[in-house]
Amino acid sequence: MEQSVEAIRAIPGRMYEAWNRGDVAGFFADFAEDALFADLEGTIYRSRAEMISRHEELIATVVKGSRLVEGDVAFARIVSAGVGVVHSRVGMLLPGEEQPPSTRFSMQLFVTVWRDDRWVVVALENARLLSSESMAALESLAVG
């Protein structure tokens with residue numbers, strides 16, 4: 001592998017493919033052992049092993065049979081020698097769905113470093129993509 005933007009850009013796609021196979025270890029294959037990951041709920045995982053353990057539970061229960069679809073890399077950039085960032089967006093289909101609802105799209109910001117002759121993810125933040133209308137509706141439910 002080489003230090004190219006294309007190599008960084010390919011990471012989310014490999015992750016989506018692994019998820020769709022139910023392969024949690026494959027999903028996190030491009031992560032450093034000491035990577036950090038902030039999930040949708042704000043939980044911070046501080047190791048690849050911790051990420052795999054938690055996501056094996058999720059994929060066996062809450063999101064069993066789900067698929068990641070409509071994945072797109074909005075940008076990928078090498079920001080300095082050996083450091084890159086990637087921003088991707090993806091939707092999640094649950095079993096029986098043909099189209100994910102607009103509230104089930106998320107965006108990810110990856111920080112990658114060149115280590116051991118390959119790009120590895122050292123940090124990832126996953127956040128839900130919500131319209132202003134959806135956020136206002138959620139806020140109205142929380143008031144009271």
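Note that the structure is a prediction, hence the values are computed from the model and not measured.
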The salt bridge (Lys or Arg N to Asp or Glu O under 4.0 Å) partners of Glu97 (sequence neighbours excluded) come to Arg104

For Ser88, all residues meeting side chain to side chain donor-acceptor pair (under 3.5 Å), sequence neighbours excluded:
Tyr16, Gln108

Partners of Ser132 by side chain to side chain donor-acceptor pair (under 3.5 Å), sequence neighbours excluded?
none

Should side-chain heavy atoms under 4.5 Å link Ile, Leu, Val, Met, Phe, Trp and Tyr, which residues sit in the same cluster as Leu129?
Phe105, Met107

Enumerate the salt bridge (Lys or Arg N to Asp or Glu O under 4.0 Å) contacts for residues 55-66, please, sequence neighbours excluded, ordered by first and then second residue.
Arg54-Glu57

Counterpart residues, salt bridge (Lys or Arg N to Asp or Glu O under 4.0 Å), relative to Arg115 (two or more places apart):
Asp34

Taking only residues two or more places apart in sequence or in another chain, which ones pass side chain to side chain donor-acceptor pair (under 3.5 Å) with Glu33?
none

Check residues 44-51 and write down every donor-acceptor pair under 3.5 Å in which the side-chain atom is one partner and the other belongs to a residue at least two apart or another chain.
from: Tyr45; atom 1: OH; to: Asp39; atom 2: OD2; distance (Å): 3.3
from: Ser47; atom 1: OG; to: Glu50; atom 2: N; distance (Å): 3.0
from: Arg48; atom 1: NE; to: Phe28; atom 2: O; distance (Å): 2.7
from: Arg48; atom 1: NH2; to: Ala25; atom 2: O; distance (Å): 3.3
from: Glu50; atom 1: OE1; to: Arg46; atom 2: N; distance (Å): 3.0

Pairs involving residues 3-12, ordered by first then second residue, that meet salt bridge (Lys or Arg N to Asp or Glu O under 4.0 Å) (sequence neighbours left out)
none

For residues 84-96, which residue pairs qualify under salt bridge (Lys or Arg N to Asp or Glu O under 4.0 Å), counting only residues two or more places apart or in two chains?
none

Tell me, please, which residues at least two apart from Ser4 pass side chain to side chain donor-acceptor pair (under 3.5 Å).
none

Rounded distance (nearest 0.5 Å) linking atom NE2 of His87 with atom CZ of Phe110:
10.0 Å

Out of curiosity, Leu124 CG to Asp30 CG, how far, rounded to the nearest 0.5 Å?
11.5 Å

Can you give the donor-acceptor pairs under 3.5 Å from side chains of residues 65-81 to other protein atoms, not counting sequence neighbours?
from: Ser66; atom 1: OG; to: Trp19; atom 2: NE1; distance (Å): 2.9
from: Ser66; atom 1: OG; to: Val63; atom 2: O; distance (Å): 2.7
from: Glu70; atom 1: OE2; to: Gln99; atom 2: NE2; distance (Å): 2.9

